[in-house]
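Only heavy atoms go into these numbers, but all of them, side chains included; no hydrogens, no water, no symmetry mates. Convention: sequence-line order gives letters A, B, ...; per-chain numbering from 1.
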Amino acid sequence: MSTQSNKPKARLPRGLVDRHGAELTATRAMLDKIRAVYELYGFDALETPAIEYTDALGKFLPDQDRPNEGVFSFQDDDEQWLSLRYDLTAPLARHVAEHFDALPKPFRSYRAGFVFRNEKPGPGRFRQFMQFDADTVGAPSVSADAEICMMAADTLEAVGIARGDYVIKVNNRKVLDGVLEAIGLGGEENVGRRLTVLRAIDKLDKIGVDGVRDLLGAGRWENPEAKSGDFTKGAGLEGGAIDKVLAFVNAGTGVEGLARLVDVVGENAAGRAGVEELQLIAALITAAGYDDGRILIDPSVVRGLEYYTGPVYEAELTFQVKDENGRPVRFGSVAGGGRYDGLVARFRGEAVPATGFSIGVSRLLHALAHLGKMDAEPEIGPVVVLVMDKQPERIADYMKMVSDLRANGIRAEMYLGGAGMKAQMKYADKRNAPAVIIQGSNEKDAGEVQVKDLVEGKKIAAGITDNAEYRAARPAQFAVKEGELVDAIRGILERRAAPTLGLAD
RNA sequence: GCAGGUGUAGCUCAGUUGGUUAGAGCGCCGGUCUGUGGCACCGGAGGUCGGUGGUUCGAGCCCACCCACCUGUACCA
């Protein structure tokens with residue numbers, strides 16, 4: 001056994017990220033804005049844990065062959081299976097079912113938190129990411145759905161996406177169910193094929209109408225022209241049935257699309273109910289003025305999840321951004337949701353209608369960064385008191401300065417490393433410190449400290465090319481009496497916070 | 001899972017027909033008791049060349065298998 005190379009490699013599992021600095025600040029700011037809108041609409045905060053019993057999250061328990069398919073699962077000491085939540089909706093359903101009698105109905109709540117998916121990560125796809133949900137449980141009316149859509153629109157604008165740069169698309173599962181029933185895919189025995197159809201439609205924007213047609217029929221090659229790569233088995237529908245599904249998908253948006261849907265569903269009861277619901281939603285958003293492009297009826301939106309039972313919605317960003325290679329960046333949907341009347345009923349037996357939606361916080365933040373709407377200003381660091389002299393009584397002096405600054409509400413710290421002055425200056429620079437405080441024995445004897453404004457200093461130093469001159473210049477540095485230290489620092493901080501008028505430039 | 005691609009320092013990469021102790025740039029860390037961020041100067045840390053086995057006197061280089069990562073695709077209850 002070799003004794004070397006037993007060191008663990010410092011590395012993060014794939015699909016996970018560390019976040020810090022400006023990104024964290026921006027996340028916090030965005031969460032605050034979303035929360036403000038949700039509360040304005042009358043939703044209350046609710047927090048649930050990241051871990052639930054596996055059977056509370058969904059139908060499938062991990063088994064021997066696929067212990068962690070999709071979700072991260074593990075066994076408790078009593079052998080019950082636990083899982084990390086993969087969304088915030090299932091835990092909400094559990095909470096409502098568990099405390100049903102005590103809650104006001106309808107129950108209106110919001111929650112933000114990390115969710116976990118044990119899937120292959122990719123660009124913009126992580127195994128841990130943050131969602132911010134709002135749900136109304138116990139309201140059967142489509143008014144609840146319409147309200148959620150309007151709130152989604154308001155929220156996107158609140159976080160900085162301009163009107164016209166996004167659209168909330170609305171559809172209704174019942175319409176699709178009606179179509180599927182009409183082509184003979186109704187009933188329990190066709191669950192699998194229905195899901196296949198759902199997913200095929202979901203890929204419309206990615207692979208186009210012809211691609212969807214292939215997936216509805218026999219199947220599709222990864223590279224259709226060459227018939228190479230991976231082959232995806234299709235739903236195996238007949239030509240007529242395919243046409244019917246495509247007619248639904250291609251019905252078109254808005255009022256005209258709605259009119260065409262009436263023909264597509266024909267006499268099918270579920271389909272007609274779905275169209276009626278969409279008509280009601282359309283009327284509500286029109287009355288509220290959200291029909292100006294903010295919210296749009298669009299039959300091509302289906303959402304991949306199986307548990308939706310009625311209206312479904314998806315927020316899409318419509319602006320184009322190019323990446324560093326000049327290729328257009330696709331942000332995909334940044335939020336989505338729908339009605340899930342069966343989810344609470346799983347626990348209670350009685351029907352409990354519910355509707356809600358979910359914002360992909362990480363993805364939205366990513367999009368905002370591309371829009372240049374993310375405040376990427378680095379935090380102002382602490383004032384750093386340099387340690388010029390390592391005798392204990394002098395250290396005590398430095399600590400006193402720090403505590404005086406802190407007592408006045410100024411972020412400050414004494415340098416705690418072991419390096420010399422040059423390194424301490426570099427440290428302060430890297431921490432984005434607004435100023436450093438220098439007191440060697442000369443300053444100490446005079447009852448003074450040297451205060452150096454690092455921001456001003458940097459500007460002045462930029463004009464100096466000669467090293468000796470640079471070292472001698474000590475730009476933006478001045479002496480103050482020990483008692484005036486706090487005021488001097490406060491002055492520097494005020495200058496930093498205020499917008500510069502450009503007079504010095 | 002499938003297809004293709006890539007593996008040499010933290011990053012970007014050199015490394016000759018197989019030949020001593022594997023290099024560069026950038027980055028990182030520091031520079032002798034009163035000193036100063038950037039530039040310049042000096043010094044330093046950091047690699048069992050993705051792993052294992054094989055061929056060979058000798059492998060970063062050749063062969064086999066494995067692994068990891070990237071891109072696409074599928075799956076995503």
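- As judged by a 4.0 angstrom heavy-atom cut-off over every strand, A:Gln424 is placed among residues making no nucleic acid contact.
- One interatomic measurement links the two molecules: CG of A:Leu386 to C1' of B:rG35, which rounds to 10 Å at whole-angstrom precision.
- The CZ atom of A:Arg394 sits 16 Å away from the P atom of B:rG35 (whole-angstrom rounding).
- Out of B:rC28, B:rG35, B:rG37, the shortest distance to the side chain of A:Lys430 is found at B:rC28.
- Taking the P atoms as reference points, B:rG19 lies 11 Å from B:rC61, given to the whole Å.
- At least one side-chain heavy atom of A:Leu156 sits under 4.5 Å from a side-chain heavy atom of A:Leu364.
- Across all strands shown, B:rA64 forms a Watson-Crick or G-U wobble pair, both distances under 3.5 Å, with B:rU52.
- Among the atoms of the strands shown, only primed sugar atoms or phosphate atoms (P, OP1, OP2) are found under 4.0 Å from some heavy atom of A:Lys426.
- Base engagement by A:Lys452 is indicated by at least one non-hydrogen atom pair under 4.0 Å involving a base atom.
- Within the 4.0 angstrom heavy-atom criterion, base atoms lie near A:Gly457.
- Using a 4.0 Å heavy-atom cutoff across all strands shown, A:Ala461 reaches no nucleic acid atom at all.
- Judged by closest nucleotide on RNA chain B, A:Gln477 is the one of A:Leu195 and A:Gln477 placed further toward the 5' end.
- Residue A:Ile464 is classed as a base contact, given a heavy-atom separation below 4.0 Å to a base.
- Rounding to whole angstrom units, CG of residue A:Asp429 and P of B:rG38 are separated by 6 Å.
- Between the side chain of A:Lys120 and the base of B:rU73, at least one donor-acceptor pair of N or O atoms lies under 3.5 Å.
- The nucleotide whose nearest atom lies closest to any side-chain atom of A:Met421 is, among B:rG38, B:rC76, B:rG35, B:rG35.
- With a 3.5 Å ceiling on both atom-pair distances, B:rG27 lacks any Watson-Crick or G-U wobble partner.
- In the interface, the side chain of A:Gln450 is not paired with the base of B:rU36 through any donor and acceptor atom under 3.5 Å apart.
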inquiry  = Would A:Thr196 and A:Arg194 count as a side chain to side chain donor-acceptor pair (under 3.5 Å) here? Give the steps.
reply    = CA-CA 5 Å; A:Thr196 306; A:Arg194 279 208 298 274; over 6 Å; no

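- Between A:Asp135 and A:Tyr110 the shortest side-chain heavy-atom distance does not fall below 4.5 Å.
- The CD-P distance, from A:Glu456 to B:rG38, rounds to 18 Å in whole Å.
- Between B:rC70 and B:rC63, the two P atoms lie 26 Å apart (nearest whole Å).
- Between B:rU12 and B:rU55, the distance separating the two P atoms is 36 Å to the nearest Å.
- If you take CG of A:Asn442 and C1' of B:rG35, they are 11 Å apart, rounded to a whole angstrom.
- Between the C1' atoms of B:rC57 and B:rA64, the separation comes to 23 Å (whole Å).
- The separation between A:Lys390 atom NZ and B:rG35 atom C1' is 12 Å, rounded to whole Å.
- Under the 4.5 Å side-chain criterion, counting only non-hydrogen atoms from C-beta, A:Val245 is in contact with A:Leu237.
- Between A:Tyr398 atom OH and B:rG35 atom C1' there is a gap of 11 Å when expressed in whole angstrom units.
- Using a 4.0 Å heavy-atom distance criterion, A:Tyr427 is classed as making no nucleic acid contact.
- Of the side-chain N and O atoms in A:Lys422, none sit less than 4.0 angstrom from OP1 or OP2 of B:rC41.
- Within the 4.5 Å cutoff, the side chain of A:Met388 has no heavy atoms near those of the A:Glu443 side chain.
- The P atoms of B:rG4 and B:rA9 are separated by 27 Å, rounded to the nearest whole Å.
- B:rG25 and B:rU6: their C1' atoms are spaced 22 Å apart (whole Å).
- As rounded to the nearest Å, B:rU71 and B:rC62 have C1' atoms that lie 29 Å from one another.
- Taking every side-chain heavy atom of A:Arg14 into account, B:rC69 is the closest of B:rU73, B:rC69, B:rG35.
- Mapping A:Ala462 and A:Tyr415 onto RNA chain B by nearest heavy atom places A:Tyr415 at the nucleotide closer to the 5' end.
- Between the C1' atoms of B:rC41 and B:rG5, the separation comes to 44 Å (whole Å).
- The shortest distance between side-chain heavy atoms of A:Tyr340 and A:Leu92 falls below 4.5 Å.
- Residue A:Asn467 contributes atom CG, which lies 8 Å from atom P of B:rG37 at whole-angstrom precision.
- Residues A:Thr89 and A:Leu343 form a side-chain contact, since some pair of their non-hydrogen atoms from C-beta on lies under 4.5 Å apart.
- Not a single donor-acceptor pair, N or O on each side, falls under 3.5 Å between the base of B:rU36 and the side chain of A:Arg471.
- Counting any heavy atom pair closer than 4.0 Å across all strands shown, A:Lys203 reaches sugar-phosphate atoms only and no base atom.
- Counting any heavy atom pair closer than 4.0 Å across all strands shown, A:Arg125 reaches a base atom.
- Contact annotation for A:Asp87: no contact, since no heavy-atom pair falls under 4.0 Å across all strands.
- Closest contact between the side chain of A:Lys206 and the listed nucleotides B:rA74, B:rC76, B:rG30 involves B:rA74.
- A cation-pi contact, defined as under 6.0 Å to the ring centre and within 45° of the axis, is absent between A:Arg339 and A:Tyr308.
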